[in-house]
2 protein chains.
Amino acid sequence: MLYLAAMSKKDLKHFLLKGQDTFLKHLSVDCVIFGFHDDQLKVLLVKWVEGWSIPGGFVRKDESINEAAKRVLKERTGLDRIFLKQFEAFGETGREKGKKGFDIPGTWKSWYMERFVTIGYWALVEFSKVTPRRDWLSEDCRWWDINEVPKLIFDHNRIVTAALEALRHNLIDHPVGYNLLPEKFTMPELQSLYETILGIKLDRRNFQKKMLAMDVLVRTNERRMGVSHKPPYYYRFDKKKYERAMKNGLMRSF
Amino acid sequence: MLYLAAMSKKDLKHFLLKGQDTFLKHLSVDCVIFGFHDDQLKVLLVKWVEGWSIPGGFVRKDESINEAAKRVLKERTGLDRIFLKQFEAFGETGREKGKKGFDIPGTWKSWYMERFVTIGYWALVEFSKVTPRRDWLSEDCRWWDINEVPKLIFDHNRIVTAALEALRHNLIDHPVGYNLLPEKFTMPELQSLYETILGIKLDRRNFQKKMLAMDVLVRTNERRMGVSHKPPYYYRFDKKKYERAMKNGLMRSF
DNA sequence: CCAAAAGTGTTGCCTTTACACCCATGT
DNA sequence: ACATGGGTGTAAAGGCAACACTTTTGG
């Protein structure tokens, strides 16, 4: 919700009073950023004085909403070219319950204090490549296990839930993993990712068959050694085939 | 895009100059309203001086975006309680190419002339229950065959395409028809609806089995008479079961 | 040699598809 | 009677789930 990254304190007042010259009023973007680590699905959250929230920002007058979302992601994760998908706009009237202003004279009727409709995005990022970035205004920025997300400000808990829902639905007919896993990964790792997102256990052997049938994976000759059992092969995604599958989906019955 | 229904000419200037006191700036809702008639999928379009568009409107400061969309639908179709679903927000910077102001002094820098992000909805309505309503500003309002939609203003052609896509996708795991067909309908009619939306032919017998397996239909004792062949039964939706199926979806593999 | 877990294959069920046969109506 | 299109059934095919067996490592 807040576009306040990399802003100096003296700029804040200007932002509150003049922000509507730069940004579209009443409109924000919020990103539910998913990562995968230690067999756990994670979301990146930011802490403000008011509490934890999902990272978000405002839409500049000269950028599209998608560009705004990309910018927010870049600011928070340092990552470019990540997988990003719009999933829902949230526009209830009372959605920002508890919103607080800043203790700066003349700013209590700032554009920032007005009602906002936010456009929700979910993003998939490679956990290890991200260094969560707080800024001077936010107190903290870190990963949270999806099952341990705290009470968030406004309607952000609902947004996270809806994003997870959207991600799961996407998973049904689109391959997932390109953006969540390192370049090389083993089949058990990929399976763990799927199980974590879907929240169910899958059969090891059938999973492998289904994945290979999707025709988006390439098996390398390398294997993960150092484990006291038969070493698994490393796989990587075939970018071309992966993207084709992402586009077309894997349409089912009818 | 335009919330100008039922507005008198002298109100127009006030709307252009003071509309931002009532509505959220930069934000609109647009509805792709689908109907079904003569074995054809139809969309409701509105004609302005600038050309044809999908019906839309602005968001009042005291209403949610969903309420705004419902209001627009009510204004255009007279219908309440219709099936309405948000599917995508459109926020490219140049999306309103060709937007024209009104020939009223002092209104050329109206809030209305600024950039808008629009939230797209699709709706299903029962064709026969709708009386398309034009107002004094719009020149016309009528149904168009989905395959014969003319060049629309702004990016509305893209919005229609995306809406159809969303409707088709929805069709895959949700029953459709409750809002598109009259209360009683025959199986061939329902099939025709599905074929029209999906744009493919389906096997008559397998379609019937699949539909009945969904467990949302009830067969009545009545049959459509007056045709020179075996008369088909009338069916109706079981509201409770239908809504359960809509909610849960008919989740598939994994 | 054993435990652990990965790779590969097979079986059977269940869903989907393709198609045949009969039925009821208007002309 | 016949043309037309609806209602019902059934057999083949294909996809998916359940499960067995083999393989390869570290200890």
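Heavy-atom basis, side chains included; hydrogens, waters and symmetry copies ignored. In the text below, chain A, chain B and the rest are named by the order of the sequence lines, each starting its count at 1.
If you look at A:F185 and A:Y233, their ring centroids are not closer than 6.0 Å.
Residue B:Y233 contributes atom OH, which lies 9 Å from atom P of C:dT25 at whole-angstrom precision. The distance from atom NZ of B:K201 to atom C1' of C:dT17 is 18 Å, rounded to the nearest whole Å. The separation between A:L212 atom CG and C:dA6 atom P is 15 Å, rounded to whole Å. D:dC16 atom C1' lies 14 Å from atom CE of A:M211, rounded to whole Å. Atom pair B:R219:CZ and D:dG6:P shows a separation of 14 Å (rounding to whole Å applied). Taking atom CZ of A:F185 as the reference point, atom C1' of C:dA6 lies 16 Å away to the nearest angstrom. In this structure, A:Y234 atom OH and C:dG7 atom C1' are separated by 17 Å, rounded to whole Å. One can place NZ of B:K210 at 19 Å from P of D:dG9, the figure rounded to the nearest angstrom.
Using a 4.0 Å cut-off between a side-chain N of Lys or Arg and a carboxylate O of Asp or Glu, B:K247 and B:E243 do not qualify as a salt bridge.
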Which atom pairs link the protein and nucleotides 13-15 of chain D when you take only N or O atoms and keep those under 3.5 Å?
none

Reading nucleotides 18-27 of chain D from 5' to 3' and marking B where a protein heavy atom lies under 4.0 Å of the base, S where only the sugar-phosphate is that close, and - otherwise, the string is BBB--BBBS-
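Distance alone, capped at 3.5 Å, places no donor-acceptor pair between the B:D145 side chain and the B:K42 backbone. Looking at A:Q191, its side chain does come within 3.5 Å of a backbone N or O of A:L202 through a donor-acceptor pair.
In this pair, B:W144 and B:W52 present their aromatic rings perpendicular. The plane angle is above 60°, beyond the 30 to 60° band. Below 30°, between 30° and 60°, or above 60°: for B:Y194 and B:F207 the angle between ring planes is above 60°, a perpendicular geometry.
Shortest non-hydrogen contact noted between B:Y242 and B:V216 is CA-CG1, 3.8 Å.
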Does A:F237 form a ring pair (Phe, Tyr, Trp, His ring centres under 6.0 Å) with A:Y178? I'd like the steps, not just the answer.
CA-CA 7 Å; A:F237 286 102; A:Y178 196 88; 5.8 Å; yes
Is there a side chain to side chain donor-acceptor pair (under 3.5 Å) between A:N221 and A:Y234? Walk through the geometry before answering.
CA-CA 7 Å; A:N221 292 321; A:Y234 277 112; over 6 Å; no
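OP1 or OP2 of C:dA6 has not a single side-chain nitrogen or oxygen of A:Q208 nearer than 4.0 Å.
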